[in-house]
Amino acid sequence: MQIESGAKAATTLTVQYADLATSLGSGDILTADGYVVTNDHVIADAQELFVSLHDGRVARAQVVGVDPDTDLALLHVDATGLPAMPLGRS
């Protein structure tokens, strides 16, 4: 299976807060088995998170971990075969 890169590895996050407000954010798919990276401030205080995938699927996301100091958050969605973002070496 060929892993696609580029824009298809980007996702849209729908964030539901306790006060019923909803907002949108973005993230990038890190692995084909469902790990997504986004900003901590996007998901902070969220009650529910959903990831809209490029192929039209919508998946509920679980928070794996956050680092407020670097403003990063790692999410996981129950999906496979996702178009992962290629990682480089520096």
Quick one: does any side-chain atom of Asp40 pair with a main-chain N or O of Ala73 as donor and acceptor, under 3.5 Å?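 No.
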
Distance in Å, [X] [atom1] paired with [Y] [atom2], rounded so as to fall on 0.5 Å steps:
X	Y	atom1	atom2	answer
Leu30	His76	CG	NE2	11.0 Å
Asp71	Thr38	CG	OG1	8.5 Å
Leu75	Ile29	CG	CD1	11.0 Å
Gln62	Asp78	CD	CG	9.5 Å
His41	Leu72	NE2	CG	11.0 Å

Do Val36 and Leu82 touch side chain to side chain, with heavy atoms closer than 4.5 Å?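 They are not in contact (no side-chain heavy atoms under 4.5 Å apart), so the answer is no.
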
For the hydrophobic clusters of this structure (ILVMFWY residues joined by side-chain heavy atoms under 4.5 Å, transitively), does one cluster hold both Val77 and Val58?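 Different hydrophobic clusters.
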
Would you kindly confirm whether Phe50 and Leu53 end up in one hydrophobic cluster when ILVMFWY residues are joined by side chain heavy atoms under 4.5 Å apart?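 Unlinked, Phe50 and Leu53 end up in two clusters.
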
Work out which heavy atom in [X] is nearest to a heavy atom in [Y]; give both atom names and the distance.
X	Y	result
Asp28	Met85	CB-SD, 3.8 Å
Ala46	Val15	CB-CG1, 3.4 Å
Ala32	Ala84	N-CB, 3.8 Å

Around atom CG of Asp67, are there more than 12 heavy atoms of other residues, nucleotides or ligands at under 6.0 Å?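 Atom CG in Asp67 is packed in, count exceeds 12.
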
Just wondering, are more than 12 heavy atoms of other shown residues or ligands nearer than 6.0 Å to CG in Asp45?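 Incorrect, the count does not exceed 12.
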
